[in-house]
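Have a look at the structure below before the remarks.
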Amino acid sequence: MKYALYLKEKVIETIINIYDTKPELKLVQVQHTRKDFVGDYTLVTFPLLRYSKKSPEQTAEELGKYLTEHIDEITGFNVIKGFLNLELSQDYWLNKLNEAWDDEYFGIRLPNKESKTILVEYSSPNTNKPLHLGHIRNNLIGYSISKILEANNKNVIKTNIVNDRGIHICKSMLAWQKWGNNETPKSTGLKGDFLVGKYYIKFDQEYKKEISKLISQGKNKKEAEQDAPLIKEAREMLKKWEEADKKVISLWQKMNNWVYEGFDITYEKLGVDFDKIYYESDTYKLGKSIIMDGLKNGKLIIKKDGSIWADLTEKGLDEKILLRSDGTSVYMTQDIGTAYIRYKDFKFDEHIYVVGNEQDYHFQVLKIILQELGYPWARCIHHLSYGMVELPEGKMKSREGTVVDADDLIENMLTTAKNISEELGKLDGLSDKEIDKTINIIALGALKYFLLKIDPKKNMVFNPKESIDFSGNTGPFIQYTYARIQSLARKGKSKKIEAVNINEKNLKLDLKEIQLLKTIYHFTNMVKEAGETHNPAVVANYVYELVKEFNQFYHDFNILKEEDMDLRKFRLKLSIMTGRVIKQAMALLGIDVPEKM
RNA sequence: GGUUCCAUAGCUCAACUGGAUAGAGCAAUAGCCUUCUAAGCUAUAGGUUGAAGGUUCGAGUCCUUCUGGAAUCACCA
């Protein structure tokens, strides 16, 4: 990109010299030449015709001639329609490779003292059920964004707000109390989050029974939903919880701890972690007091029944409830409190919430309310809204048990990875420990890449019946290429071929080699773009492109068997550099790469 | 009903933010392992970018209308 900017300046100079007018900046468009054309950078001449007053072809010819004569590294040009393709010298690209080779942190800029602080909130689980596929997408996007921002010189704090209180938690507590027979993870052998989730579903089933019974007795649906004895009991429990009733609190602690033990296992398997965990139970009270202050200052309104609301109708939105009439808090209450505490803790320059797009409205409202309440940092809040993961038959619903469970899915991936690896004979001669490690890297690579290669904002479809692929545009394909390169590096080393002291003047590089080199160099821009757009899919698409490029190169050319010593060294160097970039890019996605597979 | 988002090959996704002939993978068909790892490579086939207008040198991308889908508008979280 730096070079594109430089070229842009040169083009402006040229236009001043030839046509005697200074062009508008945005009309000078320098971009990378598309792959199927010869050249490195392309100038679009159409917008410049107003200065040249000539045809696109003529204009391109004139500019091309001038630029070739006046810039050393431009060795030639071609004109197709109105596009001027500028060709750079081989030396220029070889220099780029050498720069990258010598730079341990090629393409990434780690944070320092001047870096801005960015909070990345992700995961945000409810402690009433196990994690499912949607959470996996959330966790992977959040973790990857954190890594990408770190590579863009940002001081990143990974946070997780645990929604550990609320009516939904009381539902599973109540059901366990009623029908649980004192079951524990130990007594049942169930993972803690699964055990609790079982009772959340149980509650919903019994609740629905009560509702239909009331409807058959002549109540309408809404009344039935309000008046069912179970929901009343759950509400009562929530009230007791907020009053710190000892029995309720101790049940709550017991069951939440079961869930945390379960979550920890899942997080570890996924390879994600957090710098700071917040609990809703610690922040909701602060949220309440902020809301009470807002009421005093006349920013909020209170209704006859005592419930407190924000009136956003002037902003084209609805009214939003902030505190219930019985004084208990809602989702928004704690989010306000949490945001406040976080700003106090970290003075963030930006706060990214990785949360599903079903909550677009919620975050729109959160931001406005915080601004209304007079917090200037509210404008630093950014909702990274990602799309739902759907099954072929529609949305997943945890209450109805139609979810793809996170642990099950990971387990399936491990089994599939093992079967495929065995079939291909890739595990021969490895120790059990090595096998486990490799299988784990591949299985998670497949899963993570599958979810991250898709633009976060788009909904995606996952078919549990068709297992995730291991060939084509997949994680294992990329990992495999990396493993191949490492094998080359090992063999090169044992044959004492070193990727240094190359006499570059003797090299005659093929277009494909230059193409690969350009793709490697593009890593730098890509990291920047991924950071600006908060989009891991940019990284995934890039690394796929790079790997495809390399595999063609690997197939078409001899590397260690090349007879020309300089060329052999160069190709090894190019390969190892590709490997380094693959590893780095995959790390930005939170994906590990194996030395052998 | 209001608001927001989405619609690209049979399926899953791209398209450098308005640029050149809309590209990949899967699935299908046909090739390539006595040679650096075949989880690879090559080729064939597959498209009126949901529809109709508009803006301009130029539209999958921007605007309008329509069709179809999703989310949300809860004293759920």
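Throughout, a chain's letter reflects where its sequence line sits, starting with A, and its residues are numbered from 1.
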Check: So, is R484(A) close to the A38(B) phosphate, meaning a side-chain N or O under 4.0 Å from OP1 or OP2?
Finding: yes
Checklist line | Contacting residues from residues 542-550 of chain A, given that a heavy atom lies under 4.0 angstrom of RNA chain B | finding: Y544(A), K548(A)
Next item on the list: Anything under 30° is parallel, anything over 60° is perpendicular, the rest tilted; go ahead and classify H534(A) against H382(A).
Entry: perpendicular
Check: Say you pick atom C1' in G50(B) and the same atom in G68(B); how far apart are they, in whole Å?
Finding: 8 Å
Note to self: With rounding to the closest Å, how many angstrom separate the C1' atoms on A45(B) and C26(B)?
What the structure shows: 15 Å
Margin query: Looking at C36(B), I'd like to know if its phosphate oxygens (OP1 or OP2) sit under 4.0 Å from a side-chain N or O belonging to S487(A).
Written below: no
Check: Expressed in whole Å, how much space separates the C1' atoms belonging to A9(B) and C16(B)?
Finding: 23 Å
Notebook entry, point to check: Looking at Q552(A), does any N or O in its side chain come under 4.0 Å of the phosphate oxygens OP1/OP2 on U42(B)?
Noted result: yes
Next item on the list: Find the distance N551(A):CG to A38(B):P and express it as a whole number of Å.
Entry: 10 Å
Checklist line | Per Q29(A) side chain, nearest of listed nucleotides U72(B), G19(B), A39(B) | finding: G19(B)
Checklist line | Between U44(B) and U4(B) - P atom distance, rounded Å | finding: 46 Å
Checklist line | Between C1' of A77(B) and CG of L366(A), the distance in whole Å | finding: 14 Å
Checklist line | Minimum-distance nucleotide to V461(A) side chain [options: U37(B), A77(B), U12(B)] | finding: U12(B)
Check: Within this structure, what is the CE-to-C1' distance between M597(A) and U37(B), rounded to whole angstrom?
Finding: 10 Å
Next item on the list: Quote, to the nearest angstrom, the C1' distance that separates G46(B) from U8(B).
Entry: 14 Å
Note to self: Please check: side-chain N/O of T333(A) versus main-chain N/O of L323(A), any donor-acceptor pairing under 3.5 Å?
What the structure shows: no
Checklist line | Aromatic plane relationship, H32(A) with H522(A) - under 30° parallel, 30 to 60° tilted, over 60° perpendicular | finding: perpendicular
Check: When the C1' atoms of U21(B) and A27(B) are considered, how many whole Å apart are they?
Finding: 26 Å
Note to self: What I want to check is whether the side chains of N473(A) and Y449(A) have a donor and an acceptor closer together than 3.5 Å.
What the structure shows: yes
Notebook entry, point to check: Heavy atoms under 4.0 Å, any strand shown: does P47(A) hit a base, just sugar-phosphate, or nothing?
Noted result: base
Check: Looking only at atom types and distance, does a side-chain atom of E24(A) sit under 3.5 Å from a main-chain N or O of K26(A), one as donor and one as acceptor?
Finding: no
Next item on the list: Would you indicate what I442(A) reaches in the nucleic acid, counting non-hydrogen atoms under 4.0 angstrom: base, sugar-phosphate, or nothing?
Entry: base
Notebook entry, point to check: Which part of the nucleic acid, if any, lies within contact of I321(A), taking any heavy atom under 4.0 Å across all strands shown: a base, the sugar-phosphate backbone alone, or nothing?
Noted result: base
Next item on the list: Nearest whole angstrom, please: distance from the C1' of C16(B) to the CE of M526(A).
Entry: 12 Å
Notebook entry, point to check: Which whole number of Å gives the distance between the C1' atom of G47(B) and that of G60(B)?
Noted result: 12 Å
Check: Rounded to whole angstroms, how far apart are CG on N473(A) and P on A27(B)?
Finding: 13 Å
Next item on the list: For nucleotides A28(B) and C36(B), find the distance between their P atoms and express it as a whole number of Å.
Entry: 29 Å
Next item on the list: Check whether the aromatic ring of Y554(A) stacks on the base of G40(B), taking stacking as ring centres less than 5.5 Å apart and planes within 30° of each other.
Entry: no
Item checked: Row check, W309(A) ring normal vs K320(A) NZ/CZ: under 6.0 Å, within 45° -> no
Notebook entry, point to check: Regarding D164(A) and N256(A), is there a side-chain donor-to-acceptor distance under 3.5 Å anywhere?
Noted result: no
Notebook entry, point to check: Can you find a side chain N or O atom of R324(A) that sits less than 4.0 Å from OP1 or OP2 on A74(B)?
Noted result: no
Margin query: Closest approach to the side chain of K491(A), judged atom by atom: which nucleotide of C36(B), G19(B), C41(B) is it?
Written below: C36(B)
Item checked: Phosphate OP1/OP2 of C76(B) contacted by R165(A) side-chain N/O (<4.0 Å) -> no
Margin query: Check this for me: does the side-chain of T42(A) come within 3.5 Å of the base of A20(B) through a donor and an acceptor?
Written below: yes
Checklist line | Residues within residues 415-423 of chain A bordering RNA chain B, heavy-atom distance below 4.0 Å | finding: I420(A), S421(A)
Next item on the list: Select base, sugar-phosphate, or nothing to describe what T533(A) touches, counting heavy atoms under 4.0 Å on all strands.
Entry: base
Note to self: Is Y480(A) close enough to A39(B) that one of its side-chain N or O atoms is under 4.0 Å from OP1 or OP2 there?
What the structure shows: yes
Check: Got a donor-acceptor pair under 3.5 Å from the side chain of K596(A) to the base of U37(B)?
Finding: no
Checklist line | Residue K458(A), side-chain heavy atoms: nucleotide from C6(B), U37(B), U17(B) that is nearest | finding: C6(B)
Check: Could you give the CZ-to-C1' distance, from F46(A) to G18(B), as a whole number of Å?
Finding: 13 Å
